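Only this structure's heavy atoms are used, side chains among them; waters, hydrogens and symmetry mates stay out. Because the structure is predicted, anything quoted here is derived from the model rather than measured.
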Amino acid sequence: MRREIFDTDHDLYRESVAAFLKREVVPFHDRWEKDGIVPREVWAKAGEVGILGLGVPEEYGGSGIDDFRFNAVVAEEICRVGASGLGFGLQNDVMAPYLVRLTTEEQRRRWLPGFASGELITAIAMTEPGAGSDLQGIQATALRDGDHYVLNGQKTFITNGINADLVVVVARTDPGAGAHGISLLAVERGMPGFERGRNLDKIGLKAQDTAELSFTDVRVPAANLIGTENQGFVHLMTNLPQERLAIAVSATAACEAVLAQTIEYCKNRTAFGRPISRFQNTRFLLAELATETDLARTYVDRAITLLNRGELTPEDAAKAKWWTTELANRVMDRCLQLHGGYGYMMEYPVAKAWQDARIQSIFGGTTEIMKEIVGRSLGL
């Protein structure tokens, strides 16, 4: 089914992103997988060609265009080449709204130029060893002391955690106020007491640095408060629909990419004297997966349109996130099965796609939490 949400500007931008990935990413990604991290210079190169800073005003070095369709183009092209180590999505889709919409003029001038150029890599630290999808369970504290906050706590599973120069930390500034006592603080590289732990060894997303972070009596200037004190939970809830839609965009694009690879494989792989694509089971399975992926694509494209209008609800984003990520896991598993033993070999892209897809139904809020959000919206 032909997509209708993009215009000529998006098509030209897609060509530019694809060319960048072909030149600067694809030849090196296997090495980054082994290293467990993407070199910082790749971020700078991405900034030079306009892949970072989407939604950042031109006066701070960004694109000046607040149109999530450009974000979707970047995510889709990254998925098409399997470059799962790039943390660009976190920078563009998750961090940009916090640093553009919730910051002061002084903060924007301090951080956004480097953010758009790729010189300033960012992360958000929500998850803790004892608090994942339930953000109200956060235990990190940041208590006011004069013109500073004293931050203490542990964070884990932090994407871009090793490379990050600026980490937005979710912490309790009023420990007795529940969800109404949470704030967002920008912690910068080099602040005393801010330590990075292991670059975590994951099942997939091997090239993406994911770290444990610790904060021991870190004195964070009050000037680094993001948004309004004790309104951090509200800020998070406001921005999570875009984050969850971004995950859905990537999940759907990954389904499309692996389906295309698998269809081609089935046309060329023979068994019992004929291509396996000629067997009814193969055709029916691929027909089912292709149909479900097309339906997911239609919903996701509609959600992108609604987000651009400011009309995407948390419930609709949750539906997109849980459905597409569960679909991605199913598509990768079935496509791997169609590859037979070769699908279990890492030299075939489907093996890596299968590994990378597993986390999608967990991060950004688990499938179970997404269903809870949808269920509550039904009055249940």
Side-chain angles (χ1 to χ4, degrees), residues 55-57 60 66 68 90-112 115 122-128 130-155 158-159 164 166-188 191 194 213 215 218-246 307 310-318 364-365 369-370 372-373 376-377:
V56 172
Y60 306 111
D66 188 11
F68 191 78
L90 182 79
Q91 188 107 332
N92 285 332
D93 307 332
V94 179
M95 298 305 303
Y98 292 100
L99 297 185
V100 172
R101 301 171 191 168
L102 296 176
T103 45
T104 65
E105 177 64 18
E106 186 276 331
Q107 289 173 334
R108 287 192 285 272
R109 294 196 178 281
R110 184 155 41 118
W111 295 324
L112 287 180
F115 179 87
T122 58
I124 187 163
M126 298 188 203
T127 305
E128 298 181 358
S133 295
D134 180 13
L135 295 175
Q136 297 188 58
I138 284 170
Q139 298 298 312
T141 61
L143 304 181
R144 190 68 180 257
D145 180 23
D147 58 358
H148 286 77
Y149 292 92
V150 180
L151 173 64
N152 285 280
Q154 305 287 325
K155 299 291 182 177
I158 308 306
T159 302
L166 184 143
V167 180
V168 174
V169 179
V170 182
R172 293 191 173 280
T173 42
D174 186 349
H180 301 290
I182 292 174
S183 300
L184 309 179
L185 295 173
V187 178
E188 298 175 83
M191 286 185 172
F194 170 31
L213 306 179
F215 307 90
V218 181
R219 295 186 64 81
V220 182
N224 281 25
L225 175 70
I226 303 292
T228 304
E229 186 178 74
N230 295 327
Q231 292 298 303
F233 191 77
V234 174
H235 298 325
L236 292 168
M237 293 303 102
T238 300
N239 287 326
L240 278 172
Q242 177 166 310
E243 176 181 351
R244 287 165 177 164
L245 176 57
L307 180 70
E311 298 173 7
L312 182 66
T313 66
E315 296 80 20
D316 287 343
I369 293 296
M370 297 302 98
E372 184 69 20
I373 292 170
R376 288 177 182 176
S377 75

[X] versus [Y], closest heavy-atom pair with distance:
X      : Y      : answer
Thr103 : Val100 : OG1-O, 3.8 Å
Asn224 : Ala186 : ND2-O, 2.8 Å
Gln91  : Phe115 : O-CZ, 3.0 Å
Met370 : Gly365 : CE-CA, 3.8 Å
Ala142 : Ala171 : CB-CB, 4.0 Å
Ala140 : Gly153 : CB-CA, 4.1 Å

Which distance, rounded to the nearest 0.5 Å, do you find between the [atom1] of [X] and the [atom2] of [Y]?
X      : Y      : atom1 : atom2 : value
Thr141 : Ile182 : OG1   : CD1   : 12.0 Å
Leu185 : Glu229 : CG    : CD    : 8.5 Å
His180 : Asp174 : NE2   : CG    : 10.5 Å
Thr173 : Asn230 : OG1   : CG    : 3.5 Å
Leu143 : Asn152 : CG    : CG    : 8.0 Å

Taking the side chain as C-beta and beyond, is there a heavy-atom pair between [X] and [Y] under 4.5 Å?
X      : Y      : value
Leu236 : Ile124 : yes
Asn239 : Leu102 : yes
Val234 : Met237 : no
Pro221 : Met191 : yes
Thr122 : Val94  : no

For Glu106, the option from Arg109, Arg110, Arg108 that meets side chain to side chain donor-acceptor pair (under 3.5 Å): Arg110
Residues that Asn92 engages under side-chain hydrogen bond (donor to acceptor under 3.5 Å, both in side chains), provided they are two or more places apart: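 Residues passing side-chain hydrogen bond (donor to acceptor under 3.5 Å, both in side chains) with Asn92: none at all.
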Test side-chain hydrogen bond (donor to acceptor under 3.5 Å, both in side chains) applied to Thr127 - qualifying residues, sequence neighbours left out: none
May I ask you to decide if [Y]'s main-chain N or O and [X]'s side chain share a donor-acceptor pair within less than 3.5 Å?
X      : Y      : value
Gln107 : Leu225 : yes
Arg144 : Gly146 : yes
Asp147 : Ala222 : no
His235 : Ser183 : no

Stepwise side chain to side chain contact (heavy atoms under 4.5 Å, CB included) check, Phe233 with Val170: CA-CA 9 Å; Phe233 191 77; Val170 182; over 6 Å; no
Output all residues satisfying salt bridge (Lys or Arg N to Asp or Glu O under 4.0 Å) with [X], sequence neighbours left out; order by chain, then residue number.
X      : result
Arg172 : none
Glu128 : Lys155
Glu372 : Arg376

Counterpart residues, ring-ring contact (aromatic ring centres under 6.0 Å, His included), relative to Phe194 (two or more places apart): Phe215
Side chain to side chain contact (heavy atoms under 4.5 Å, CB included) evaluation trace for Leu213 with Gln154: CA-CA 6 Å; Leu213 306 179; Gln154 305 287 325; over 6 Å; no
Derivation and outcome, side chain to side chain contact (heavy atoms under 4.5 Å, CB included), residues Ile226 and Leu99: CA-CA 8 Å; Ile226 303 292; Leu99 297 185; 4.3 Å; yes
